[in-house]
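By convention in this document, chain letters (A, B, ...) are assigned in the order of the sequence lines, proteins followed by strands, and residues within each chain are numbered from 1.
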Amino acid sequence: MHISLTVNGQPYTVDVEPRMLLVHVLRDVLDLTGTNVGCDTSQCGACTVIMDGRAVKSCTVLAVQADGSEILTIEGLAKDGELHPLQEAFWNNHGLQCGYCTPGMIMTAYYLLQTNPNPSEEEIRHGLEGNICRCTGYHNIVRAVQEAAQRM
Amino acid sequence: MYPPKFDYYRATSVDEALSLLQQHGDNAKLLAGGHSLIPLMKTRLAQPAVLIDIGRIDALKGIQVDGDTLRIGPLTTHADIAASEDVQGRAAALADAAGVVGDVQVRNRGTIGGNLAHADPASDLPAAVLALGGEIEVRGPNGSRTVAADDFFQGLFTTALGGDEIITAIRIPAGGGKRVSAYVKFPHPASGYAVVGVAAVLELDGQTITSARVAANGAFECAKRLTGAEQALAGATASDEAIAAAAQRAAEGFNADDFMSDIFASSEYRAHLLGVYTRRALQKALERA
């Protein structure tokens, strides 16, 4: 089945099997491998992307469900060679250890700051409840989101 | 992890979805947000040969206040329900429950209709809809019918919804006198699912509780009313004593066998939590009075 997607501003038409998951289209068809597959069971959030303005777990969305939608992935954040403030803030605050959860963390944080530009620490922790850092590096992740909120 | 192979149909109307259901019978499953179904398919606990995607039927989305009734389209997401001022104001227990389903991303995709039709015992919405006296409007090949939430949840992952039917609306009565409600749960620390969750709805006349509906999920094979607690509350003065008396009677009428038991929580522990969370739900509801 042919589906159309706009990913990071770029239009694509791809032929997918109905059972193909959005994350596999992004990674294996479009070669956008920044989005990670973590638990693959809708829990860890490593595969989070923004779909039509909302953070979603792309391991739990069929590509056919995403037909016609606009997707933003971690690759779409930097502009003209400049990192997005969230990416810089994660760097500045050492908001990652192994880095595997980071793309999903940043995309969920991006969604949080779109909906709540000045979140409290509690709101940040609540907003990131769907993203698991298996290194448990949450303190610096929260600090990074706080810094990004100030800069955005 | 790919789901098993299936044939995919995209319905553009309820009529089309119904005719596809007729055509494919028990081999077909309806796909709404997919946040119960897709994980089940990935783990091969469900292997439908046909998926009928109803996710684009706009007529099944949105929240309306229709006189004394809150009418919620089955494709409305948990996030939209939790954020709705109409739901917060008229059916706070439902907004509470929708706001604690899964996590942010799950609430952005999961839908109330899919959640109720799936009827996971540890899900949050069934107790809220049951306590609020909700009704499920369904349509099948022979037309529409309305099922009270009291009759809808029949067992583990089992509802009154026929294999050839589709939920077309969830109706919550929101008229009459002063009504307060709340939902609270003890979430499983890893999955977030309700080990026990309780929804409480109180009708008030001044300080008098004229009637009460209390329901729980997580504790049993499906959402159930807590009639002992309800009887303790009816006619009582809203007070800590009344709440304590109701919590004391939360498990009344249930046997040890009625409570779920697993490696995380024994039936005894769930029975204990039922009293604790009945008290907390009632306290939270009365704080809103």
Side-chain angles (χ1 to χ4, degrees), chain A residues 1-3 16-25 28 37-69 104-105 107-116 119 123-132, chain B residues 1-12 28-57 75 77-80 82-83 99-111 114 187-193:
Chain A
M1 178 172 172
H2 284 88
I3 62 163
V16 299
E17 229 190 305
R19 64 176 180 152
M20 196 169 199
L21 300 164
L22 176 59
V23 69
H24 294 306
V25 172
D28 304 339
V37 178
C39 69
D40 214 352
T41 55
S42 334
Q43 295 180 67
C44 80
C47 64
T48 301
V49 300
I50 310 296
M51 176 171 151
D52 291 333
R54 288 195 166 192
V56 304
K57 294 181 172 175
S58 61
C59 80
T60 312
V61 177
L62 297 171
V64 287
Q65 290 180 292
D67 187 10
S69 64
M105 281 287 176
M107 297 319 289
T108 306
Y110 176 90
Y111 174 72
L112 170 69
L113 296 180
Q114 297 282 309
T115 46
N116 180 1
E123 287 169 335
I124 293 171
R125 289 182 184 275
H126 189 61
L128 295 177
E129 67 182 330
N131 291 73
I132 296 171
Chain B
M1 222 172 3
Y2 273 52
K5 287 192 177 192
F6 55 85
D7 291 332
Y8 174 82
Y9 296 91
R10 188 179 285 165
T12 53
K29 278 272 185 197
L30 296 174
L31 174 70
H35 272 51
S36 298
L37 185 55
I38 295 173
L40 282 183
M41 290 175 67
K42 286 165 77 172
T43 49
R44 277 29 180 198
L45 290 170
Q47 305 200 38
V50 172
L51 280 195
I52 302 165
D53 186 354
I54 56 170
R56 290 165 199 260
I57 304 177
L75 291 181
T77 62
H78 305 310
D80 286 344
V100 296
V101 173
D103 54 49
V104 172
Q105 295 96 314
V106 169
R107 293 193 291 274
N108 276 344
R109 291 290 298 163
T111 67
H188 183 278
S191 71
Y193 275 101

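- In this structure, A/Met51 CE and B/Arg109 CZ are separated by 4.0 Å, a value rounded to the nearest 0.5 Å.
- Taking NE2 of B/His78 as the start and NE2 of B/His35 as the end, the distance is 9.0 Å to the nearest 0.5 Å.
- Within the structure, every pair that satisfies the side chain to side chain donor-acceptor pair (under 3.5 Å) test and touches residues 39-53 of chain A, not counting sequence neighbours, is listed here: A/Asp40-B/Lys42, A/Thr41-A/Gln43, A/Ser42-A/Thr60, A/Thr48-B/Gln105.
- Side-chain atoms of A/Val49 and A/Met107, non-hydrogen and from C-beta on, never get closer than 4.5 Å to each other.
- Only the side chain of B/Val106 comes within contact range of chain A, with heavy atoms under 4.5 Å apart.
- Contacts between B/Asp53 and chain A at a heavy-atom distance below 4.5 Å involve the side chain alone, from C-beta outward.
- The two residues A/Leu22 and A/Ala66 come nearest to each other via the heavy atoms CD1-CB, 4.1 Å.
- Evaluation of the side chain to side chain donor-acceptor pair (under 3.5 Å) rule for A/Thr115 yields no partner, not counting sequence neighbours.
- Of the listed residues (A/Val23, A/Val37, A/Leu62), the greatest number of heavy-atom pairs within a distance under 4.5 Å of chain B belongs to A/Leu62.
- For B/Ala32, the part lying near chain A is the backbone, with the side chain staying farther off; criterion is any non-hydrogen pair under 4.5 Å.
- Contacts between B/Leu37 and chain A at a heavy-atom distance below 4.5 Å are absent for every atom of the residue.
- For A/Met1, the part lying under 4.5 angstrom from a heavy atom of chain B is the side chain only.
- With a threshold of 4.5 angstrom between heavy atoms, B/Thr77 approaches chain A through side-chain atoms but not through N, CA, C or O.
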